[in-house]
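The chain is numbered in sequence order, starting from 1.
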Amino acid sequence: PASASGKFARLSLSMLAAFILLAPPAAVVWNAFLPRVGAGWEFSNIFAQLGSSEITALTRSAVYGLSAAGIDILLAVLIALALRRASFFSALPVELAVMLTVALPGSVIGIALLSAFNAPSPLSFGIPLGGSAAILILAYVIRNLPLAVRPARAALESVGHDLESAAAGLGATRARVLCRVTLPLMFPSLLAAGLICFISGAGEFVASQLLYSPRTRPVSVQIAESFRTDPGAAFAMALCLMLLSITAILGASWLQRRAR
């Protein structure tokens with residue numbers, strides 16, 4: 001049986017970890033309410049600090065994050081399917097290329113995209129992407145792709161071949177086996193990966209700071225700019241970004257329960 005000192009040590013470490021994890025969001029909530037505390041502790045008072053530019057920035061970030069997450073999941077599924085039967089040495093270059101983006105700072109990705117797409121380029125069919133929403137979404141896709149590829153590959157490996165062989169033996173085409181057997185079995189892992197990519201993309205700051213324009217300013221940049229002049233609005237936007245992430249988590253949980 002565990003000793004009393006061991007239980008106390010585990011309890012102390014758990015409380016310390018909980019404090020470290022909860023202190024930042026608690027500080028955001030407190031400071032979001034603080035400028036309007038005289039008006040009452042109501043969410044309507046927080047939202048009253050947000051103007052049209054702040055709400056637009058929040059909407060942009062949600063759209064950019066959702067778009068990038070969808071592209072990441074699609075690419076992750078395609079990569080997982082392509083590498084499923086590949087040998088170790090055949091899959092290694094693709095794995096290294098995908099995982100390289102984890103090692104690259106966001107500033108490096110931003111500068112690389114600016115140098116490649118700021119002016120008309122064959123890679124973008126002659127269309128300059130500098131200052132557009134497309135270059136921000138592309139940065140988020142590149143930045144978060146490893147977060148989707150690894151879960152997709154692991155999920156596909158866990159599916160195995162028995163169920164797919166059985167479906168094929170009953171006359172199902174490859175496309176039908178993929179849509180009715182393989183992807184539904186991968187869905188929980190893909191949903192979790194998409195959630196992480198969405199949350200990471202919606203709040204990405206470093207690459208966004210280099211790539212945004214006044215008409216594509218995301219909420220992370222808006223928060224940084226507002227913090228210098230209107231801290232209350234900055235904390236209110238940060239709280240809204242937290243609520244957006246919580247909503248996405250609850251939505252993903254609901255979808256996962258529906259898929260069972």
Side-chain angles (χ1 to χ4, degrees), residues 24-72 105-114 117-119 124 127-144 194-252:
V28 169
V29 173
W30 172 259
N31 284 284
F33 277 106
L34 190 61
R36 306 279 296 190
V37 71
W41 289 69
E42 300 177 1
F43 276 109
S44 59
N45 295 328
I46 296 176
F47 297 141
Q49 301 176 76
L50 302 179
S52 59
S53 60
E54 287 82 5
I55 295 174
T56 302
L58 281 164
T59 305
R60 282 197 203 105
S61 290
V63 173
Y64 297 167
L66 187 61
S67 302
I71 296 172
D72 277 329
S107 56
V108 174
I109 294 176
I111 292 172
L113 290 176
L114 280 176
F117 299 111
N118 197 41
S124 59
I127 302 173
L129 300 182
S132 67
I135 199 169
L136 282 169
I137 294 172
L138 182 58
Y140 303 163
V141 168
I142 294 172
R143 186 77 171 150
N144 298 322
L195 177 65
I196 295 172
C197 291
F198 168 74
I199 293 174
S200 178
E204 207 284 334
F205 174 72
V206 178
S208 301
Q209 181 71 22
L210 292 170
L211 299 173
Y212 86 98
S213 67
R215 58 189 178 86
T216 62
R217 183 186 291 110
V219 69
S220 56
V221 177
Q222 185 75 31
I223 290 172
E225 293 180 354
S226 296
F227 190 76
R228 302 185 184 95
T229 57
D230 188 1
F235 282 113
M237 282 187 286
L239 179 59
C240 289
L241 191 57
M242 287 171 51
L243 293 176
L244 178 65
S245 300
I246 293 172
T247 302
I249 293 171
L250 295 177

(request) Mark yes or no for whether Arg217, through its side chain, and Ala57, through its backbone, hold a donor-acceptor pair below 3.5 Å. (result)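 Between the backbone of Ala57 and the side chain of Arg217 there is no qualifying donor-acceptor contact (under 3.5 Å).
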
(message) Check whether Thr59 reaches the backbone of Ile55 with its side chain - one donor and one acceptor, N or O, closer than 3.5 Å.
(response)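 Side chain of Thr59 to backbone of Ile55: a pair is present.
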
(message) Quiz question: by atom type and distance under 3.5 Å, do the side chains of Ser200 and Tyr140 form a donor-acceptor pair?
(response)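 The criterion, which ignores hydrogens and geometry beyond distance, is not satisfied for Tyr140 and Ser200.
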
(request) Let me see the working for Leu113 and Ile142 under side chain to side chain contact (heavy atoms under 4.5 Å, CB included), right down to the final yes or no. (result) CA-CA 10 Å; Leu113 290 176; Ile142 294 172; 3.9 Å; yes

Heavy-atom pair with the smallest gap, counting every atom of [X] and [Y]:
{"X": "Ala234", "Y": "Ile223", "value": "CB-O, 3.7 Å"}
{"X": "Ser67", "Y": "Ile137", "value": "CB-CD1, 4.0 Å"}
{"X": "Val219", "Y": "Ala202", "value": "CG1-O, 3.8 Å"}
{"X": "Ser220", "Y": "Gly203", "value": "CB-O, 3.8 Å"}
{"X": "Tyr64", "Y": "Leu136", "value": "CE1-CD1, 3.7 Å"}
{"X": "Ser132", "Y": "Arg215", "value": "CA-NH2, 4.4 Å"}

Nearest 0.5 Å, please: how far is [atom2] in [Y] from [atom1] in [X]?
{"X": "Met237", "Y": "Gln222", "atom1": "CE", "atom2": "CD", "value": "5.0 Å"}
{"X": "Ile199", "Y": "Ile249", "atom1": "CD1", "atom2": "CD1", "value": "4.5 Å"}
{"X": "Leu250", "Y": "Leu195", "atom1": "CG", "atom2": "CG", "value": "10.0 Å"}
{"X": "Ile135", "Y": "Leu114", "atom1": "CD1", "atom2": "CG", "value": "5.0 Å"}
{"X": "Glu204", "Y": "Ser61", "atom1": "CD", "atom2": "OG", "value": "10.0 Å"}
{"X": "Leu243", "Y": "Leu58", "atom1": "CG", "atom2": "CG", "value": "10.0 Å"}

(message) Within the structure provided, determine whether Val221 and Pro218 are in side-chain contact (heavy-atom separation under 4.5 Å).
(response) yes

(message) Quick check: do Leu244 and Phe198 have side-chain heavy atoms less than 4.5 Å from each other?
(response)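 They are in side-chain contact.
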
